[in-house]
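Hydrogens, waters and symmetry mates play no part in the numbers below; they use all other heavy atoms, side chains included.
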Amino acid sequence: METTEVVIAGGGPTGLMLAGELRLAGVDVVLLDGLPARTGESRAGGIHARTMEIFDQRGLLDDLLPQGRVLPGGHFGALMMNFGDFDTRYPFMLAVLQSVVERELDRRATELGAPVRWGSPVAGFRQDATGIDVEVGGPDGPRTIRAAYLVGCDGGRSAVRKLAGIGFPGTDATATGMLADVELTDPPEAQFFGRRRGAGDYSVVQFEPGWYRLVVQRHDLVLPRGSTLTFEEFRANYLEIAGTDFGMHSPRWVTHYGDAARQAEHYRNGRVFLAGDAAHIHYPAGGQGQNLSVQDAVNLGWKLAIALRTNSSEILDTYESERHPVGARVLNNTRAQTALQRPGAHMEALRDVMGDLIDMDAVRQRLGLMITGLDIRYDTKGDHPLSGRRVPDGHLSTADGDTRVFELLRPGHPILLRLNGNQVPLPTGWQNRIDVIDARTHDNHWAVPAVGTIAVPAAILIRPDGYAAWVTDEPSDNGLLEALTTWFGPAS
């Protein structure tokens, strides 16, 4: 029987990101996918600021940025918002296809020793007090892998979720979106172009020179899930709503989707976890799906590694307590956006009011920071304004030279960052578990999304996912030992 520490089901962005995170922590991983090979299809078409920051934290963003197109902002229910004043190094949306993101994550996972095994669906499992036996199907016949944990990253129809008996409540589809990647003979001039008309709305976005993604959404039609959509059917629907087809031809991909919104009742059943679309599905309003899923993986990865290395599983409970509310919030705001895009005079009146509100900086920031994920705050029991929030990417000077906070996170280790000469002591027993870095900041204050400007603290305990587990403004270790034990298990 083959053995490993973690089995991941699903070779998409969520599974690939999780595999890379686990391998970075030295965890043995088997990554399975039931498909015979990667399809090259790209339902997702963009990443937001917090996901770009996460990719930066792992050294992935430099290769990814040139492969996308920078858009100045996003939207809420097709009401445009500019992100240019957000307190991040990446105050924009990057229009980049899911297939490109997958390629970069696949390369990383493979280099770290976790290539995808195609044609290997999870067919069942049995868990006990010491591990889980994962039954794998496929053309090579049934086989079993013994592991400590199984993570389902296998999409909205997740076999792992169903096998685990985890409920998936929510709302059924009430509208249909149709998507085609095509070439155009008469494209609009703008990189992104969208309008409301009749019973729906339509948009055009250019991803690469020469070809475009066209989307049409209809609120008077619900196509059955799993049914096929031909290019001619797409063209006819687009022409009916838009009044033009922009000379579309040479389709690469045509598909459709609904606005069903569902969330797993729990993200964990014993040794089984859910992440990505296996844990939540929703209408792709605001381009949040891939971002939500990648951030699930980054939250779970280091916690599984801690549990495996310390034989202490309490940390794993925080995966659901932290990520389930974030997923619920996305379902809520995408439902609201879907409603806001419905046709009719009453909805047009509401959109006029909402448009005026979004023009107000406070409203635009509130909605935009939610959609980009920059405002997330986890419960770390601290009262410092930075506690539980992502740590700003401040410029630093260390004994090894100038750097940034995100560059310090490349190895994926927890860090005690001591700033500006504040020698906060690391408690005994943690010297081989926590990277201690002394640095001086180039500024006396940091800008924190949804908070404002704060004085640079004396020290920060930074989790591997870039969030602050403990913060102090004084050269004192008060509360540090408790935070270390809470997030990283018992001392060595």
Evaluate the criterion side chain to side chain contact (heavy atoms under 4.5 Å, CB included) for residue pair D296 and Y319; output intermediate values, then yes/no. CA-CA 8 Å; D296 284 349; Y319 171 62; 3.8 Å; yes

What do you reckon, are the aromatic ring centroids of Y283 and Y257 less than 6.0 Å apart? yes

Minimum heavy-atom distance [X]-[Y], with the two atoms named:
| X | Y | result |
| --- | --- | --- |
| P392 | L386 | CD-CD1, 3.8 Å |
| A173 | G258 | CB-CA, 4.2 Å |
| L22 | A305 | CD2-N, 4.4 Å |
| P464 | L409 | O-CD2, 4.3 Å |
| M248 | V182 | CB-CG2, 4.0 Å |

Just checking, R271 and Y149: is the charged tip under 6.0 Å from the six-membered ring centre and within 45° of the axis? yes

Determine whether F125 and V7 satisfy the following criterion, side chain to side chain contact (heavy atoms under 4.5 Å, CB included), listing intermediate values before the conclusion. CA-CA 11 Å; F125 60 80; V7 172; over 6 Å; no

Among R50, R329, R389, which residue meets the salt bridge (charged side-chain N to carboxylate O under 4.0 Å, His left out) test with D375? R329

Without hydrogens or angle criteria, can the side chains of Q295 and N291 be said to hold a donor-acceptor pair below 3.5 Å? no

Could you verify whether a donor N or O on one side chain and an acceptor N or O on the other, from R463 and T380, lie under 3.5 Å apart? no

Flag side-chain contact, heavy atom, 4.5 Å: [X] against [Y]:
| X | Y | value |
| --- | --- | --- |
| I166 | Y267 | no |
| V100 | R103 | yes |
| E233 | H256 | no |
| L61 | F406 | no |
| V96 | E104 | no |

Is it true that [X] and [Y] make a salt bridge, defined as a side-chain N closer than 4.0 Å to a carboxylate O?
| X | Y | value |
| --- | --- | --- |
| D106 | R108 | no |
| R364 | D361 | yes |
| D154 | R161 | no |
| E111 | R23 | no |
| R58 | D465 | no |

Qualifying residue for side-chain hydrogen bond (donor to acceptor under 3.5 Å, both in side chains) with Y90, from D393, D56, T51: D56

For a side-chain hydrogen bond (donor to acceptor under 3.5 Å, both in side chains) with N299, tell me which candidate from E322, R323, E21 qualifies. E322

Would you please test R143 and S120 for side chain to side chain contact (heavy atoms under 4.5 Å, CB included) and show each step? CA-CA 10 Å; R143 59 195 188 278; S120 301; 2.9 Å; yes

Is the ring pair F246/Y202 parallel, tilted or perpendicular, if the boundaries are 30 and 60 degrees? tilted

What is the ring orientation for F231 with F234, classed by angle as parallel under 30°, tilted 30 to 60°, or perpendicular over 60°? parallel

Assess whether side chain to side chain contact (heavy atoms under 4.5 Å, CB included) is satisfied between T318 and Y378, documenting all intermediate values. CA-CA 9 Å; T318 68; Y378 298 131; over 6 Å; no

